[in-house]
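Let me begin by presenting the structure, written as structure tokens, before commenting on it.
Whatever order the structure lists them in is the order used to number ligands and atoms, beginning at 1.
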Amino acid sequence: MHGMDKKLKLLTYGCQMNVADSERMAGLLKQIGYSLTDDFDEADLIIINTCCVRATAEDKVFGQIGRFKTLKRQKPSLILGVAGCMAQKEGANLIKRAPHVDFVLGTGQSSEVARVVQSVERERKHFVDISNVSGDIPTEVFPLRGGQVSTFVPIMYGCNNFCTYCIVPYVRGRERSRKPEEIFSEVKQAIAEGFKEITLLGQNVNSYAGGMTFAELLSYVDKIAGVERLRFMTSHPKDLSDELIAAIANGKNTCEHIHLPVQYGSDKILQRMNRVYTVEKYLELVKKIRAAIPNVSLTTDLIVGFPGETDKDFAETLDFLKAVKFDAAFTFIYSKRSGTPAATFENQIDDETKHRRLNELMQVQNEISLEKNRALIDSVVEVLVEGASKTDDKIFTGRTRQNKLVLFEHGNEHAGDLINVKISQAQTWLLKGTTQK
Ligand code: SAH
Ligand code: SF4
Ligand code: F3S
């Protein structure tokens, strides 16, 4: 096999952290002769990078693994690997359930992927390593980045917060921060490759503890030549300091957008979720942010159907949404994750109630999102061009500094250009406009 061009198909589920991990794995596998393909039939190696944050994410992965059975029968030399959060959670169970899986690699060892693949190539034996969920972060990385305009740079891994519903701390381990110099050099590397927009990533970016505060780190990266736009996610409200608000306000290239998951809008549920802030505290934070950063857009995550949720709690959440007026919200139905405290809580909510509440929540938020977007009609916004839309190559897409998606008719713009667009139409999740000379 050595020296031959081998093909890798990478399937990535879950959050941005998994996208970044996949790019790193692709970079490591490139060094041992694997190049990326989109074609399953052509692949010599398929890796599924998995998510287990909700049952639906796991179901998708099991479905996908099942489908590879036929592929493997047709091509016995095919190597099939499972990495990521579900690999970390399930370990050898995955191979027990699907013996056509060759290897299972936990989140703390994804930097070992090339060594693991080589050993499977040689020995054709099942391999499982989920031994160190809080494994060391590699100091040198060679990511094979997807996209061409915007890219992710992880700054910390893991989570220490243990929200009672959430599996992430168990499958991502304890918080570990990268050294500033390593982050800066990776940012410069991405800029040298042509990227214009950097998103600093972490389960809780603002709990960064790599020898300086997250606010300081952000201010440094803001000044790196070639970083035209700087973003970060995800922030936990408990760690959103005044210093960080000031860094966002003062940063020239730091975008005016904060994704600040609130999860719920009643104190009783927030406490049961172990979110460690109250509705009042969150509202004060929002007020402070909006005072310091004009034009800021705020987005959030919300979970409905948490155990013990009453009509009264839910009504408080709707009132909360109307009070804050988020630009957008990602809304989820609570999914019971075994091993987390909330899985054993009494008064689990039935599916029908969960769905009814989700719909109501989305309706309220959609109206707010639309109202916020409508307020932008006739204004001129700065858009970073991403490229042709998926459905029509005469329509291009890009994003505002507030991270709003904008569609416009293509003239002579290129991916990576910063252009001005006058907004003419608004929908819940996007804006349409015409380019300004
Ligand atoms: N570290 C980030 C993201 C965690 S996962 C943060 O703290 O915000 C992304 C989102 O998934 C969470 O914000 C939460 O809204 C949702 N989520 C996590 N566990 C869940 C569960 N058991 N059921 C439903 N949604 C969940
Ligand atoms: Fe999960 Fe909470 Fe950690 Fe976010 S902060 S990853 S929701 S435990
Ligand atoms: Fe999913 Fe793991 Fe991200 S559980 S949301 S891929 S950290």
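- Within the coordination shell of atom 1 (Fe) of ligand 3, defined by N, O or S atoms under 2.8 Å, Cys51 is present.
- Interface atoms of ligand 2 facing Asn204, defined by a heavy-atom separation under 4.0 Å, are 5 (S).
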**OP:** Check the pair Asn160, Arg174 against side-chain hydrogen bond (donor to acceptor under 3.5 Å, both in side chains), reporting the backbone distance first and the verdict last.
**Re:** CA-CA 6 Å; Asn160 294 349; Arg174 295 295 66 74; 3.1 Å; yes
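- Of the candidates Pro237, Ala57, Ser335, the one placing a heavy atom closest to atom 23 (N) of ligand 1 is Ser335.
- The shortest contact between atom 1 (Fe) of ligand 2 and any protein heavy atom is with Cys166 SG, 2.3 Å.
- Among protein heavy atoms, atom 4 (Fe) of ligand 2 sits closest to Arg275 NH1, 4.4 Å.
- Backbone or side-chain N, O or S atoms of Cys163 reach atom 2 (Fe) of ligand 2 at under 2.8 Å.
- Taking the six-membered ring for Trp and the full ring otherwise, the centers of Tyr220 and Phe184 sit less than 6.0 Å from each other.
- Close approach of ligand 1 to Ile303 (heavy-atom distance below 4.0 Å) involves ligand atoms 14 (C), 15 (O), 17 (N), 25 (N), 26 (C).
- For Glu182 and Thr139, the side-chain atoms include no donor-acceptor pair closer than 3.5 Å.
- Between Tyr13 and the choices Lys60, Gln64, Glu58, the side-chain hydrogen bond (donor to acceptor under 3.5 Å, both in side chains) rule is met once, by Gln64.
- Of the protein's non-hydrogen atoms, the one nearest atom 2 (Fe) of ligand 3 is Cys85 SG, 2.2 Å.
- Residue, atom and distance of the protein heavy atom nearest to atom 6 (S) of ligand 3 are Asn18 ND2, 3.3 Å.
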